[in-house]
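The next block holds one structure in the form of structure tokens; read it before the comments.
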Amino acid sequence: MDNILVVGAILLVLMLVLLASGVWIAMTLAICGWVGQAFFVQTQPGKNLFSAFWESNASWELAALPLFIWMGEILFRTKLSEEMFEGLRPWLNRVPGRLMHTTILGCGIFGSVSGSSAATCATISKVALPELIKRGYDEKIAIGSLATAGTLGILIPPSITMVVYAVAADASIIRIFLAGFLPGFLLMALFSGYIMWWSLAHPHKVPAADPPTRFLQKIRLSGNLIPCAALIIFIVWVLIAGWATATECAAYGVVGALGLAAWSRSLTWQNFREGLMGTTRTSCMIMFILAGAAFLTKTMAFTGIPRALAEWVTAMQLSPYALIAALTVVYLVLGTALDGISMIVLTSAVVLPMIQKAGFNLVWFGIFIVLLVEIAEVTPPVGFNLFVLQNMTGKDSNTIAKAAIPFFACLVVCIALITVFPAIVTWLPDLVMGPER
């Protein structure tokens with residue numbers, strides 16, 4: 001047990017040293033995985049490296065990622081995103097924070113379509129960040145809100161992470177999907193609430209309000225929202241109706257965005273080419289990191305570090321709420337080196353019996369884990385959304401992590417609220433499907 005934790009500490013220190021020295025993120029993950037397999041377990045790191053790289057990217061579900069990113073590039077490089085902000089401007093003019101709330105609304109809506117934290121963060125960042133900076137909004141708050149609000153992609157259904165947990169826990173996928181809605185809305189309210197408070201506390205950092213707009217003028221300006229809103233509603237509709245998978249919806253989104261850009265006469269060969277190149281760069285960056293993380297995950301499985309941490313918690317014989325507190329710490333530690341799906345898969349066999357024995361609802365615990373995975377997405381050194389924004393803004397991941405700290409606190413508050421008031425999670429599935437027996 002002690003030897004396993006020492007190995008984990010060595011790999012973590014190695015990762016921090018490599019990241020601090022400027023080594024590519026994906027290469028850092030792969031190097032740590034290689035060192036772990038070559039020196040601490042009896043296995044073939046070369047063979048596992050190639051299999052991890054292939055398995056992590058040869059996925060039909062992952063095909064949605066570059067398509068959604070391309071959709072965001074199209075909206076960004078044509079005047080559609082600018083028209084969308086013009087349509088929202090009069091309605092948010094008197095709300096503290098004004099257009100800053102578009103990052104939260106956009107991530108919430110798009111997250112319900114993509115089911116991916118990375119796709120949500122990349123797409124909404126591409127559309128919203130340039131517009132907010134151009135209009136004079138504080139860049140630090142914009143980046144921090146995008147880093148954390150992007151995680152709504154795995155909390156608001158449909159979510160691949162929820163599906164993996166449902167399979168691991170032998171729980172109802174539909175129940176877990178339904179359980180994610182109210183916590184998702186609660187988290188959006190917390191994010192927007194912080195933006196309102198910050199805006200009132202720092203009025204000099206928020207652009208001045210526009211002159212009052214008449215209601216009929218607001219309606220006329222809202223016509224700018226129709227193209228993008230219609231596209232998003234269509235994608236959500238075909239997904240909920242079961243007419244298309246998330247990947248097929250992403251393809252519809254690209255075709256729809258291209259059609260709208262052509263209809264508005266803002267699509268040119270130049271921005272079409274630039275959109276493709278931007279999509280390629282962002283997608284390759286994300287997939288390369290996914291591949292490195294998959295290889296490190298194999299190493300973690302071989303060394304037994306996640307299982308050792310879970311068994312260590314079991315041996316402590318904690319009370320129910322102390323158990324939840326300990327598991328929170330364990331998952332936050334694992335989140336510094338693993339992606340969310342790997343965290344669930346590698347620990348479920350040990351953790352789920354503990355949770356059932358302590359009397360917790362497995363559906364509730366699924367949402368609890370998803371929120372912890374969201375925190376892992378913005379936790380250095382392997383916070384995935386930090387890497388996405390680092391690539392898109394050119395800023396250091398630690399700078400982005402600091403900007404996300406207030407919104408990180410909102411995630412912690414949300415976890416505390418669902419722990420104290422579990423009905424926030426269980427009320428909707430019980431209402432729709434009846435109490436669980």
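All values below were derived from every heavy atom in this structure, side-chain atoms included, with hydrogens, water molecules and symmetry-related copies excluded. Because the structure is predicted, anything quoted here is derived from the model rather than measured.
For Ala403, the side chain to side chain contact (heavy atoms under 4.5 Å, CB included) partners are Lys140, not counting sequence neighbours. Listed by chain and number, the residues in a salt bridge (charged side-chain N to carboxylate O under 4.0 Å, His left out) with Lys205 amount to none (sequence neighbours excluded). Applying the side chain to side chain contact (heavy atoms under 4.5 Å, CB included) test to Thr268 and every residue at least two apart in sequence or in another chain returns Gln270, Asn271.
Side-chain contact check for His202 versus Asp138: every heavy-atom pair is 4.5 Å or farther apart. At a threshold of 4.5 Å between non-hydrogen side-chain atoms, the residues Ser145 and Phe191 do not count as touching. Side-chain contact between Cys414 and Leu371: present, with at least one pair of heavy atoms (C-beta onward) separated by less than 4.5 Å. Here the side chains of Lys395 and Leu389 are not in contact, with every heavy-atom distance at 4.5 Å or above.
Once rounded to the nearest 0.5 Å, the distance linking CD1 of Ile405 with SG of Cys410 reads 12.5 Å. For the atom pair CD1 (Ile195) and CH2 (Trp198), the distance works out to 9.5 Å, reported to the nearest 0.5 Å. Here the OG1-CG distance, from Thr28 to Leu14, works out to 8.0 Å after rounding to the nearest 0.5 Å. Taking OG1 of Thr103 as the start and CE of Met188 as the end, the distance is 9.5 Å to the nearest 0.5 Å. The OG1 atom of Thr299 sits 10.5 Å away from atom CH2 of Trp34, with the distance rounded to the nearest 0.5 Å. Annotation: the span from Leu323 atom CG to Leu327 atom CG amounts to 4.5 Å, rounded to 0.5 Å.
The two residues Pro66 and Thr279 have their closest heavy-atom pair at O-CG2, 3.3 Å. Across all non-hydrogen atoms, the minimal contact from Leu417 to Ile424 is O-CD1, 3.9 Å. The shortest non-hydrogen separation linking Phe272 to Trp70 is CE1-CZ2, 3.7 Å. Listed here is the closest heavy atom pair of Ile176 and Ile367: O-CD1, 3.8 Å. Taking both residues in full, the closest heavy atoms of Thr148 and Gly144 are given as OG1-O, 3.0 Å, listed atom of the first, atom of the second, then distance. Pairing each heavy atom of Pro183 with each of Val425, the nearest pair is CG-CG2, 3.9 Å.
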Could you please spell out the steps behind the side chain to side chain contact (heavy atoms under 4.5 Å, CB included) verdict for Leu411 and Ile415?
CA-CA 6 Å; Leu411 281 165; Ile415 289 177; 5.6 Å; no
Hey, mind stepping through Phe407 and Ile141 against side chain to side chain contact (heavy atoms under 4.5 Å, CB included) and telling me if it holds?
CA-CA 9 Å; Phe407 300 94; Ile141 292 296; 4.2 Å; yes
Show your reasoning for whether side chain to side chain contact (heavy atoms under 4.5 Å, CB included) applies to Tyr194 and Ile104.
CA-CA 11 Å; Tyr194 173 75; Ile104 311 302; over 6 Å; no
Carefully, step by step, assess Phe368 and Thr328 under the rule side chain to side chain contact (heavy atoms under 4.5 Å, CB included).
CA-CA 9 Å; Phe368 174 80; Thr328 299; 3.2 Å; yes
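In this structure, Phe360 and Trp364 have parallel ring planes: the angle between them is below the 30° cut-off, well short of the 60° mark.
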